[in-house]
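Only one structure is covered here, and it is reproduced in the block below.
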Amino acid sequence: MVTGAAKVRFGDPRIELAHGAGGKASRRLIEGLLLPYLSNETLADLGDAAYLEVQGSRLAFTADSFVVKPPVFPGGSIGELAVNGTVNDLAVAGAKPLALVATLILEAGLPTSVLEAEVAAMAEAARRAGVAVVGGDTKVVEHGKADGFYITTAGVGLVDSRVSLSARGVRPGDQVLLSGPIGDHGITVLLARGELDLEADLASDTRPVWPMVVALVDAAAPGLRWMRDPTRGGVATALNELAREAGVAVLLEEEAVPVRPVVRGACEILGFDPLHIANEGQFLAVVSPEYADAALEALKRVPGGEAATRVGEIRETPAKVVLASSRYGGTRVVDMLVGDPLPRIC
């Protein structure tokens, strides 16, 4: 009998921060250690949410954990992030969020006022997202063991019957759309740590994306192929996962990708690529060419979607590669995130 251990292909001797960054190290951990033991037909897609058929209805189910440091930052906090991150994973699976459960891991000594503020932030975020927190669990660990507190959430949503999203449905000629500026969340959290002598008028983009998703579905459901919210690992990692899973090339028009000047400036100073920086309120969509204009106009009409834009196209070759083209005609390969330049970002 072949055991799960015999199939393990993960050679790293210990777990590092990079294994939680959403890039190459995370992929090695998932594919090399987790999948050999847990693999099944539903898990194989490795999407933001799993699809389940339940008595004639198609549901999306997802889970996430939040360990952001610091827990409060301009534009949001860990409580708000826990709700928005989970409902957004459902939204980009084409599912209307229905309900969440939340688990709180609290450190002994945590001020009650801090906990109350984050529970209030969760409640307000859930109200804005139109979803209820219907259950959960609470655990307390010794002082110094949880950096204040962590939040784990799980969510369920009802998949819109008009869409069937999968990387396998992506075809050459399809258009890549982006809902708005990238990098706001990652750079905001980095600056909030106070480790750098940089000042910037910047806030996290954390928000629920379902209003934009439902507008996109209304306008372009027959041509909607794939969606993803580019959180850890950023746009580059999300598109590399798409290229790999679909066996296609993604050609990005680098100048078309919206990046605020303050984010671009911080990235230049720190040696980061904005395409690798985490987002919490944006999403990518791949749409067939005949629906691309209608899809983009629908996004632009939704409050908060005014900066939505076309940023690229699906090509046949070079397969499983993301390329970025410049206005001068040159191209560069855009790889997945390597390492973890911004740990504890969500």
Side-chain angles (χ1 to χ4, degrees), residues 20 22 48-50 59-93 95-141 143 145-158 179 184-186 188-190 192-193 202-214 229-232 278-283 303-304 343-346:
D48 282 334
L59 301 179
F61 182 64
T62 191
D64 210 340
S65 296
F66 298 86
V67 298
V68 62
K69 182 179 181 180
V72 179
F73 45 85
S77 68
I78 191 172
E80 180 182 36
L81 204 61
V83 172
N84 288 340
T86 306
V87 298
N88 287 349
D89 281 349
L90 294 170
V92 296
K96 177 179 173 58
L98 297 178
L100 306 179
V101 294
T103 296
L104 306 178
I105 307 297
L106 309 177
E107 179 181 314
L110 176 72
T112 302
S113 59
V114 173
L115 176 59
E116 182 179 1
E118 291 314 307
V119 174
M122 292 180 71
E124 176 59 20
R127 184 195 65 78
R128 289 198 308 269
V131 68
V133 179
V134 298
D137 187 31
T138 303
K139 294 291 191 297
V140 179
V141 298
H143 181 70
K145 300 296 185 181
D147 203 10
F149 60 104
Y150 304 139
I151 302 175
T152 294
T153 52
V156 64
L158 181 64
S179 61
D184 290 8
H185 175 74
T188 295
V189 173
L190 173 66
R193 291 174 180 168
L202 185 66
S204 170
D205 59 357
T206 174
R207 60 177 177 171
V209 301
W210 176 248
M212 287 187 288
V213 168
V214 74
D229 59 333
T231 52
R232 294 173 304 159
N279 311 274
E280 289 293 344
Q282 308 297 349
F283 71 99
R344 306 277 302 278
I345 210 71
C346 61

Could you give the distance from OG1 (Thr231) to CG (Asn84), rounded to the nearest 0.5 Å? 12.5 Å
Please, which pairs that meet ring pair (Phe, Tyr, Trp, His ring centres under 6.0 Å) have at least one residue in residues 64-91, sequence neighbours excluded? Phe73-His185
Step-by-step side-chain contact (heavy atoms from CB on, under 4.5 Å) determination, Val68 to Arg344: CA-CA 5 Å; Val68 62; Arg344 306 277 302 278; 6.0 Å; no
Over all heavy atoms of both residues, which pair between Ala60 and Leu90 is shortest? Give the atoms and the distance, please. O-CD2, 3.4 Å
Please list, chain by chain and in numerical order, all residues satisfying side-chain hydrogen bond (donor to acceptor under 3.5 Å, both in side chains) with Asp229, sequence neighbours excluded. none
Could you report the tightest heavy-atom contact between Gly281 and Asn88, atom names first, then the distance? CA-ND2, 4.5 Å
If I compare all heavy atoms of Ala192 with all of Pro74, which pair ends up nearest, and what's the gap? CB-CD, 4.0 Å
The criterion is side-chain hydrogen bond (donor to acceptor under 3.5 Å, both in side chains); which residues satisfy it with Asp48, sequence neighbours excluded? Arg228
Sequence neighbours excluded, which residues qualify as side-chain hydrogen bond (donor to acceptor under 3.5 Å, both in side chains) partners of Gln282? Ser179, Arg207
Just jot down the side-chain hydrogen bond (donor to acceptor under 3.5 Å, both in side chains) partners of Ser65, sequence neighbours excluded, or say none. Thr152
Decide yes or no for Val189 and Pro70: does some side-chain heavy atom of the first lie under 4.5 Å from some side-chain heavy atom of the second? yes
Sequence neighbours left out, what passes side chain to side chain contact (heavy atoms under 4.5 Å, CB included) with Ala63? Give chain and number order. Ala154
Please tell me if the side chains of Val131 and Leu98 come closer than 4.5 Å, counting only heavy atoms from C-beta onward. no
When you compare the side chain of Asn279 with that of Asp205, does any pair of heavy atoms fall below 4.5 Å? yes
Which donor-acceptor pairs under 3.5 Å do side chains of residues 119-128 form with protein atoms, sequence neighbours excluded?
from: Glu124; atom 1: OE1; to: Arg127; atom 2: NE; distance (Å): 3.1
from: Glu124; atom 1: OE2; to: Arg127; atom 2: NE; distance (Å): 3.4
from: Glu124; atom 1: OE2; to: Arg127; atom 2: NH2; distance (Å): 2.6
from: Arg128; atom 1: NH2; to: Glu80; atom 2: OE2; distance (Å): 2.4

Kindly say whether Gly20 contributes a backbone atom to a donor-acceptor pair with the side chain of Arg232 at under 3.5 angstrom? yes
Using the test salt bridge (charged side-chain N to carboxylate O under 4.0 Å, His left out), find all partners of Lys139 that sit at least two apart in sequence or belong to another chain. Asp137
Where do Val101 and Val134 come nearest, in terms of heavy atoms and distance? CG1-CG2, 4.0 Å
Assess, by modelled atom type and distance only, whether the side chains of Glu280 and Ser204 contain a donor and an acceptor separated by less than 3.5 Å. no
Can you name the closest pair of heavy atoms from Thr153 and Ala102 and give their distance? CG2-CB, 4.1 Å
Under a 4.5 Å cut-off applied to non-hydrogen side-chain atoms, are Ser77 and Glu118 in contact? yes
Table please: side-chain donor-acceptor pairs of residues 105-115 below 3.5 Å, with sequence neighbours left out.
from: Glu107; atom 1: OE1; to: Ala146; atom 2: N; distance (Å): 3.2
from: Glu107; atom 1: OE1; to: Asp147; atom 2: N; distance (Å): 2.8
from: Glu107; atom 1: OE1; to: Gly148; atom 2: N; distance (Å): 2.9
from: Glu107; atom 1: OE2; to: His143; atom 2: ND1; distance (Å): 3.1
from: Glu107; atom 1: OE2; to: Gly144; atom 2: N; distance (Å): 2.8

What pairs meet the salt bridge (charged side-chain N to carboxylate O under 4.0 Å, His left out) rule with one or both residues in residues 61-76, with sequence neighbours excluded? none
State, to 0.1 Å, how close Ala91 and Val209 come at their nearest heavy-atom pair, and which atoms those are. CB-CG2, 3.9 Å
Residue of the set Thr103, Ile78, Leu81 for which side-chain contact (heavy atoms from CB on, under 4.5 Å) holds with Ile151: Ile78
Heavy-atom donor-acceptor pair, Asp89 side chain to Ala49 backbone, under 3.5 Å: no
